[in-house]
Protein chains: 2
Amino acid sequence: MRPNKRDELVRNALQVFYRDGFHATGMDKLVVETGVSKTSMYKHFRTKEELILAALRLRDESFRISLLRQIEEMAHSPADRLLASFDALAQWFEEDGYRGCMFIKAGAEYQESDHPIHLQAAEHKRLMLDYFTDLARKAGAREPEKLGCQILLLQEGAIVTAVLLKNCEPARDAKAAAQVLLDQALA
Amino acid sequence: MRPNKRDELVRNALQVFYRDGFHATGMDKLVVETGVSKTSMYKHFRTKEELILAALRLRDESFRISLLRQIEEMAHSPADRLLASFDALAQWFEEDGYRGCMFIKAGAEYQESDHPIHLQAAEHKRLMLDYFTDLARKAGAREPEKLGCQILLLQEGAIVTAVLLKNCEPARDAKAAAQVLLDQALA
DNA sequence: ATGAATATGTACTGATCGGTAAACTTTAGC
DNA sequence: GCTAAAGTTTACCGATCAGTACATATTCAT
């Protein structure tokens with residue numbers, strides 16, 4: 001268990017950053033919430049920013065891996081998988097402690113477009129876009145880049161709407177929209 | 001010019017909050033950037049939170065008013081106006097200093113769903129949803145609530161995607177998607 | 001069992017946080 | 001021209017910010 005304390009730190013810090021935000025989470029709060037001493041934190045990461053970047057890297061990995069696995073279990077054709085991504089979204093929204101997309105929030109708190117945290121958030125979205133575009137291409141869509149982007153737009157829209165509007169079901173309406181767009185792109 | 005200093009404060013503070021974020025903007029920075037003394041600020045607003053709420057109120061008003069006017073100038077039928085909203089979006093994305101939606105960011109920095117700032121951000125989105133739903137109804141859509149929500153999802157998705165992904169044109173793809181959804185809802 | 005790496009607690013730095021106190025100056029209505 | 005409101009400067013409060021120093025304790029491979 002040599003480097004595991006570091007991973008444990010990143011894992012727990014990730015939860016706190018996701019729950020409370022980046023600027024609102026001080027290093028002293030992290031000491032309390034993660035159980036890792038401040039001295040140890042600064043042995044592993046030279047700055048708070050580096051710790052945030054590590055947390056975002058972990059989030060990107062675990063989020064995308066589990067999302068893709070979910071999708072691939074639920075559906076098998078590329079077209080069905082595009083649609084299934086919205087069912088995965090709906091499940092996510094129902095989870096306790098759902099607080100929207102960590103990368104949208106990171107981009108919102110670190111707005112300069114050349115900031116490392118902003119860049120890492122952008123990279124995550126680019127990977128998501130690539131995944132949807134790939135599925136659209138495999139599904140035989142006429143303009144896969146366009147359909148992939150539209151699927152992404154619906155997802156991002158649903159994610160932020162699910163945070164702010166409790167009275168509507170964005171995942172359902174987004175899926176219905178995706179179905180229409182998909183039909184039209186395959187016709 | 002009695003109460004105008006207050007309005008000037010709110011107007012300038014709004015710009016700084018939008019540019020730099022809420023937690024990242026301290027009251028001392030606002031003194032420098034707005035030219036209003038700290039004592040005066042606290043004469044007008046008892047807390048930073050009240051100042052933020054006033055800034056958000058102003059933003060909601062001016063943003064919605066100018067957006068609706070733009071839309072109503074560009075198009076005249078309800079259906080065309082739904083589509084024109086994406087042209088207004090595209091123009092917004094091109095503006096210098098575009099930094100996404102202030103209310104999405106407010107909801108991201110103040111995440112507790114009963115927080116006054118979170119509630120105010122949610123109220124803005126609800127008003128936007130109502131507007132689109134109303135247009136969808138007037139356009140004769142089969143399920144106006146559904147179409148209104150889908151338009152909103154595309155808009156929100158485009159807004160956050162325009163912040164993070166510089167290499168694609170979310171407003172264009174969102175408009176094309178809206179066109180398809182609209183056709184299908186009117187058929 | 002020992003040595004080296006890794007962890008810890010405590011105490012601290014200077015800067016900044018939101019917010020206040022008090023004394024002084026400007027502005028505007030009568 | 002006087003009065004009172006509204007604005008200002010300057011200095012301050014205790015708390016918290018990110019980050020560091022240092023001495024001690026725990027862990028682990030040999």
Side-chain angles (χ1 to χ4, degrees), chain A residues 1-58 105-106 108-112 115-118 120, chain B residues 1-58 105-106 108-112 115-118 120:
Chain A
M1 287 204 183
R2 248 159 355 290
N4 285 22
K5 201 83 181 183
R6 178 193 160 115
D7 294 3
E8 191 186 321
L9 164 62
V10 176
R11 225 180 314 120
N12 291 330
L14 168 56
Q15 305 300 327
V16 182
F17 283 134
Y18 181 67
R19 170 168 35 91
D20 296 344
F22 300 98
H23 286 100
T25 300
M27 298 304 273
D28 295 277
K29 186 197 278 185
L30 286 178
V31 170
V32 175
E33 301 254 5
T34 68
V36 177
S37 70
K38 200 191 261 198
T39 317
S40 281
M41 288 182 179
Y42 280 97
K43 284 266 160 59
H44 289 304
F45 302 99
R46 280 160 47 212
T47 62
K48 179 185 181 182
E49 183 180 310
E50 285 192 9
L51 175 56
I52 293 177
L53 286 170
L56 288 178
R57 266 187 297 270
L58 172 61
K105 296 193 288 185
E109 288 207 50
Y110 300 90
Q111 305 195 78
E112 300 91 46
H115 192 292
I117 294 177
H118 189 100
Q120 186 147 330
Chain B
M1 286 204 184
R2 249 160 353 292
N4 285 24
K5 202 81 182 181
R6 177 194 160 114
D7 293 4
E8 192 186 320
L9 163 62
V10 175
R11 224 180 315 118
N12 291 330
L14 168 56
Q15 305 300 326
V16 182
F17 283 135
Y18 180 67
R19 169 167 37 90
D20 296 345
F22 300 98
H23 285 100
T25 300
M27 297 303 273
D28 295 277
K29 187 197 279 185
L30 286 179
V31 170
V32 175
E33 302 254 3
T34 67
V36 177
S37 69
K38 201 191 261 198
T39 316
S40 280
M41 287 183 180
Y42 280 97
K43 284 266 162 57
H44 289 302
F45 302 99
R46 281 161 45 212
T47 63
K48 180 185 181 183
E49 182 180 311
E50 285 191 9
L51 175 56
I52 293 176
L53 287 169
L56 288 178
R57 265 188 298 270
L58 172 61
K105 297 193 287 186
E109 287 206 50
Y110 301 90
Q111 306 195 79
E112 301 90 46
H115 192 292
I117 294 177
H118 188 100
Q120 187 147 330

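Reminder, nothing fancy here: chain letters follow the sequence lines and each chain counts from 1.
Residue B:Y42 has its side chain nearest to C:dG19 when only D:dT8, C:dG19, D:dT20 are considered. Among the nucleotides D:dG19, C:dG19, C:dA7, the one closest to any side-chain atom of A:K5 is C:dA7. Closest to the side chain of A:T39, out of C:dT10, C:dG19, D:dA18, is C:dT10. Relative to the side chain of A:V36, the nucleotides C:dT8, D:dT8, C:dT20 differ in distance, and C:dT8 lies closest. For B:S40, counting side-chain heavy atoms from C-beta on, the closest listed nucleotide (C:dT8, C:dG19, D:dT8) is D:dT8.
Protein atom CG of B:D7 is 14 Å distant from nucleotide atom P of D:dA6, rounded to whole Å. Atom CE in B:M41 sits roughly 12 Å away from atom P in D:dG7 (whole-Å rounding). Taking atom CD of residue A:E50 and atom C1' of nucleotide D:dG19, one finds them 13 Å apart after rounding to whole Å. If you measure from atom CG of A:D20 to atom C1' of D:dT16, you get 15 Å, rounded to the nearest angstrom.
Residue side chain B:K43 does not reach the base of D:dG7 through any donor-acceptor N/O pair under 3.5 Å, judged by distance alone.
Ring orientation note: the planes of B:H115 and B:Y110 are tilted relative to one another, at an angle of 30° to 60°.
When each of B:V16, B:L9, B:V36 is tested with B:L30 by the rule side chain to side chain contact (heavy atoms under 4.5 Å, CB included), just one qualifies, namely B:V16.
Not one N or O on the side chain of A:E33 forms a donor-acceptor pair closer than 3.5 Å with the backbone of A:N12.
Residues A:D28 and B:A24 each lie close to DNA chain C; by heavy-atom proximity, the contact nearer the 5' end of the strand is made by A:D28.
In the displayed structure, A:R46 atom CZ is contacted under 6.0 Å by at most 12 heavy atoms of other residues, nucleotides or ligands.
Taking side-chain N and O atoms only, B:H44 has a distance below 4.0 Å to OP1 or OP2 of D:dG7.
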